[in-house]
Amino acid sequence: MIITRVETFAVPPRWLLCRVETDEGVVGWGEPVVEGRAATVRTAVHELAELLVGKDPARIEDHWQLMTKGSFYRGGPVLSSAVAGLDQALWDIAGKTLGVPVHVLLGGPVRDRVRAYCWVGGDEPSAIGEAVTAQVEAGFTAVKMNASGRMNRLPTVSDIDAVVARAAAAREALGPDRDFAVDFHGRFTAAAARKTLPHLAPYSPLFAEEPVLPEYTHLLGDIVASSPVPIATGERLYSRTDVLPALQAGVAVLQPDLSHAGGISEVRRIGALAETFDIPLAPHCPLGPVSLAASLQIAFATPNFLIQEQSIGIHYNDGAEVLDYVVDPEVFRFHEGHINRPTAPGLGIEVDERAVRAADSTAPDWRGPIWRHSDGSFAEW
Ligand SMILES: [Mg+2]
């Protein structure tokens, strides 16, 4: 079997899918995208595809090595995301060729179902209680929200009160047997994070995510040491090398993204590395169906797995939804806040190719918002 063609599709709301075709009719799908940079990644995917066309798709590791290292300049979100999507597609082909789900190729299932959480917003603290209650009624056992909106470099009393108000509203709606996580979204300076985190302790969040930007990972150890709340990070780290300092800093949870961190091949290794630090994975996934399917394959094969992010029905998926691009949405159905083990070959989903082709190039050129502080200077979103 050889790879004959690689196609890409830019689809709403802001996703990029890749389709890898073989001469024997087996097709694999991947989701190589950086939110807000889909066109840039699309170009990278087609450059990397030159390494794949005419080659045996089963040589996944060799392809990963060449795609990742076969150029003097390597790494970073754009290239690692392009590799990630193509790697997912190669695993999809391998599973379909052998008639087994990818997690079986990774050693077989280590759990029967995967706990998932959903997003409940957080930009407006007043809306949190209602949003959380709706998800509890839908059966979820965990939710996540933003800790804040735009954040001052050192928070005022009311900045901190607003963070605490969100946590208190979530805890009240959840009771003692369910969890919420708060995403600091890199909006806080290290000092702001240290000042704020102790105020969250009475509400016992599952974790606080990205208390600082990834470029300040060298400060993470101090934050971990001073925080009574478990710290998570990882969605903006793209390889084993990138995650190592965060693991050494003692984070509680690592959040690699299957569409950013080199795909199934590299996240599998990141999971094994995290295991040596006794740290579980909570794969980041605000993206589309192929990214979620790849995340689930890792979740079912990784012993040190905690919980899965997903964005089905999320408010920011304007114009299209995760389930719009799969033939059978049943594979992503939630049962008491969990997803059952997919048994179909490959990534376990059938991409709705007609829907994808029809949606191609109708995606808006989505960009991340630009925020500014009250003095007009740049603020982290
Ligand atoms: Mg996040």
Side-chain angles (χ1 to χ4, degrees), residues 13-15 31 33-37 77 80-81 84 115-123 128 131-132 135 140 142-151 163 166-167 170 179-190 192-193 196-197 200 205-217 219-220 223-224 227 229-238 242-243 246-247 249 251-261 267 270 274 279-288 291-292 295 299 305-312 314-317 322 366-369 371 379-381:
R14 54 177 183 167
W15 303 330
E31 191 169 335
V33 68
V34 173
E35 300 91 312
R37 293 285 178 263
S80 300
S81 299
R115 189 186 184 199
Y117 65 81
C118 61
W119 181 254
V120 289
D123 287 341
I128 283 292
V132 173
Q135 296 307 337
F140 280 94
V143 298
K144 191 171 85 179
M145 61 191 180
N146 276 330
S148 73
R150 186 186 66 187
M151 180 51 64
V163 175
R166 291 171 172 85
D179 288 306
F180 73 95
V182 280
D183 191 349
F184 279 44
H185 222 256
R187 292 172 184 170
F188 290 61
T189 62
T196 305
L197 284 161
L200 289 174
L206 183 63
F207 55 74
E209 172 175 324
E210 277 197 331
V212 290
L213 292 162
E215 50 262 51
Y216 303 121
T217 299
L219 303 177
L220 212 47
I223 292 170
V224 168
S227 174
V229 174
I231 299 296
T233 197
E235 70 191 72
R236 289 187 268 187
L237 302 172
Y238 311 111
D242 284 358
V243 304
L247 298 174
V251 296
V253 178
L254 191 67
Q255 304 171 293
D257 187 310
L258 268 291
S259 281
H260 298 330
V267 174
I270 287 172
I279 294 171
L281 298 192
H284 179 251
C285 186
L287 292 170
S291 190
L292 179 57
S295 299
F305 164 86
L306 181 71
I307 194 165
Q308 180 61 51
E309 182 172 33
Q310 53 77 35
S311 71
I312 294 170
I314 205 166
H315 66 286
Y316 59 60
N317 284 346
V322 175
W366 186 86
R367 297 284 182 266
W371 282 3
E380 288 291 340
W381 168 61

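In each ligand, atom 1 is the first atom listed, and ligand 1 is the first ligand listed.
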**Student:** Can you name the residues that form a side-chain contact (heavy atoms from CB on, under 4.5 Å) with Asp183, not counting sequence neighbours?
**Tutor:**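 For Asp183 the side-chain contact (heavy atoms from CB on, under 4.5 Å) partners, ignoring immediate neighbours, are Trp119, Lys144, Asn146, His185, Glu209, Glu210, Glu235.
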**Student:** So, using salt bridge (Lys or Arg N to Asp or Glu O under 4.0 Å) as the criterion, who are the partners of Asp242 when residues are at least two apart?
**Tutor:**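 In terms of salt bridge (Lys or Arg N to Asp or Glu O under 4.0 Å), with neighbours along the sequence ignored, Asp242 is linked to no residue.
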**Student:** Could you tell me if Ser81 and His260 have a donor-acceptor pair between their side chains, going purely by distance under 3.5 Å?
**Tutor:**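 Result is yes, a qualifying pair exists.
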**Student:** So, taking the atom named CG in Leu281 and the one named CG in Leu306, what distance separates them when rounded to the nearest 0.5 Å?
**Tutor:**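 Going from the CG atom of Leu281 to the CG atom of Leu306 covers 9.0 Å.
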**Student:** Name all residues meeting the side-chain contact (heavy atoms from CB on, under 4.5 Å) criterion together with Ala379; count only those two or more places apart in sequence or in a different chain, and write none if there are none.
**Tutor:**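 Counting only residues at least two positions away or on another chain, Ala379 forms a side-chain contact (heavy atoms from CB on, under 4.5 Å) with Arg150, Trp371, His373.
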**Student:** How many protein N, O or S atoms are found at a distance of less than 2.8 Å from the Mg ion (ligand 1)?
**Tutor:**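 Count of protein N, O, S atoms less than 2.8 Å from the Mg ion (ligand 1): 3.
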**Student:** Taking all non-hydrogen atoms of both residues into account, name the closest pair between Ile279 and Leu254 and its distance.
**Tutor:**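 Minimum heavy-atom separation between Ile279 and Leu254: CG2-N, 3.8 Å.
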